[in-house]
There are 2 protein chains.
Amino acid sequence: MAKHDPQLDLLFHALADPTRRMMLNRLARGPAPVTELAEPTGFKLPTILRHLAVLEAAGLVATQKDGRVRSCAFQPAALRPMAEWMEEQRRLWEGRLDRLDDYVTRLMKERET
Amino acid sequence: MAKHDPQLDLLFHALADPTRRMMLNRLARGPAPVTELAEPTGFKLPTILRHLAVLEAAGLVATQKDGRVRSCAFQPAALRPMAEWMEEQRRLWEGRLDRLDDYVTRLMKERET
DNA sequence: ATCATGCTTAGCCATATCGCTAACCAATCC
DNA sequence: GGATTGGTTAGCGATATGGCTAAGCATGAT
């Protein structure tokens with residue numbers, strides 16, 4: 001368990017914006033150039049480009065230029081740290097229940113004696 | 001599929017901060033008063049209180065006052081929308097692979113003729 | 001060569017975020 | 001009552017975020 005994982009900062013922060021989630025949603029269906037990515041959002045290109053930079057920083061999207069077109073591709077593997085974090089919380093939470101369970105068990109044993 | 005789910009904004013934003021994740025991590029082990037929550041972070045109470053407000057806004061933590069002590073409790077159910085969002089991306093992504101698969105299959109059939 | 005297209009960079013503005021201190025309740029405790 | 005403890009509110013300063021316009025650059029089409 002990392003004490004302070006900057007990767008998670010980037011990941012969660014990237015996903016905290018509806019525009020960026022919309023872009024990801026589009027990319028999950030397949031690669032797309034920047035312009036096509038921008039179109040449904042109604043925002044101007046520079047704005048979209050900055051969002052794209054955030055997504056890239058989080059590793060969620062990889063891009064490359066073919067001629068003058070930049071193609072963007074979703075990187076599903078980038079979601080893993082998030083899934084792992086969730087799993088850790090679940091483990092802790094259930095650990096808590098287990099301990100509570102132990103406590104109850106102990107209480108009942110004491111009552112039996 | 002919601003077009004713009006503000007709940008996800010709150011959720012992801014709440015999780016995008018290491019201090020807030022540390023607080024959640026503590027709470028996943030069981031409820032705690034504000035002061036105990038603040039201690040390991042090294043931050044002052046007002047700061048922690050604001051982080052706590054963000055966690056509450058996201059539904060991740062519920063609090064109540066007993067006397068002068070405010071007890072904070074982790075609300076694991078709040079993570080569900082996030083899990084569902086992840087699941088949706090996965091579905092989209094695998095849908096894409098399926099279509100790619102169809103494409104390959106079609107190509108091979110055409111080659112057979 | 002010229003023009004249109006697609007992206008890119010620089011920089012502005014408004015707002016939000018994150019830390020703090022200072023001051024202020026409200027419930028114990030002596 | 002008076003002090004202490006736990007929390008709360010108000011407000012400040014530095015920085016980050018999210019939108020924009022204007023201008024630049026590189027490639028593809030004519």
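Chain letters run A, B, ... following the sequence lines, proteins first and then strands; every chain starts at 1. Since the structure is predicted, the reported quantities are computational estimates derived from the model, not experimental observations.
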Nearest-nucleotide comparison on DNA chain D, the residue closer to the 5′ end among B/Pro46 and A/Pro46
B/Pro46
Per B/Lys44 side chain, nearest of listed nucleotides C/dT21, D/dT4, D/dG18
C/dT21
Are B/Leu79 and B/Val54 connected into the same hydrophobic cluster when the rule is that any two of I, L, V, M, F, W, Y join if their side-chain heavy atoms are below 4.5 Å apart?
no
For atom CG of A/Leu37 and atom C1' of C/dG6, their distance in whole Å
14 Å
Interatomic distance, A/Ile48 CD1 vs D/dG19 C1' [rounded to whole Å]:
10 Å
Rounded to the Å, how far apart are A/Phe43 CZ and D/dG18 C1'?
8 Å
Can you see which heavy atom on B/Cys72 is nearest to which on B/Leu27, and at what distance?
O-CD2, 3.5 Å
Quick one: which of D/dT8, D/dG18, C/dT8 gets closest to the side chain of A/Leu49?
C/dT8
From A/Leu15 CG over to B/Met82 CE, what is the distance, rounded to the nearest 0.5 angstrom?
8.5 Å
Nucleotide of C/dA27, D/dG18, D/dA10 approaching A/His13 most closely (side-chain heavy atoms):
D/dG18
From the options D/dC20, D/dG18, C/dC18, select the nucleotide whose nearest atom is closest to the side chain of B/Arg20.
C/dC18
Where each residue is assigned the nucleotide of DNA chain D containing its nearest heavy atom, which of A/Asp17 and B/Arg70 is assigned the position nearer the 5′ end?
B/Arg70
Would B/Val61 and A/Trp93 show up in the same hydrophobic cluster when neighbours are defined by side-chain heavy atoms closer than 4.5 Å?
yes
Which nucleotide, C/dG19, D/dG6, D/dG19, lies nearest any side-chain atom of B/Val69?
D/dG6
N/O (side chain, B/His51) to phosphate O (OP1/OP2, C/dT17) under 4.0 Å
no
When rounded to whole Å, the CG to P distance for the pair A/Leu55 and D/dG18 reads 11 Å
Any side-chain N or O of A/Thr47 less than 4.0 Å from the OP1 or OP2 oxygen of D/dC20?
yes
Considering only side-chain heavy atoms of A/Arg68, which listed nucleotide, C/dC20, D/dG18, C/dG6, is closest?
C/dG6
Taking CG from B/Leu52 and P from D/dT8, how many angstroms apart are they, rounded to a whole number?
8 Å
From CG of B/Asp9 across to P of C/dT17 the rounded distance in Å is 11 Å
Whole-Å gap separating C1' (D/dC12) and CZ (B/Arg50):
11 Å
Spacing between A/Lys65 atom NZ and D/dA26 atom C1', to the nearest angstrom
7 Å
Joint cluster assignment, A/Leu10 & B/Leu11, ILVMFWY side-chain distance < 4.5 Å
no
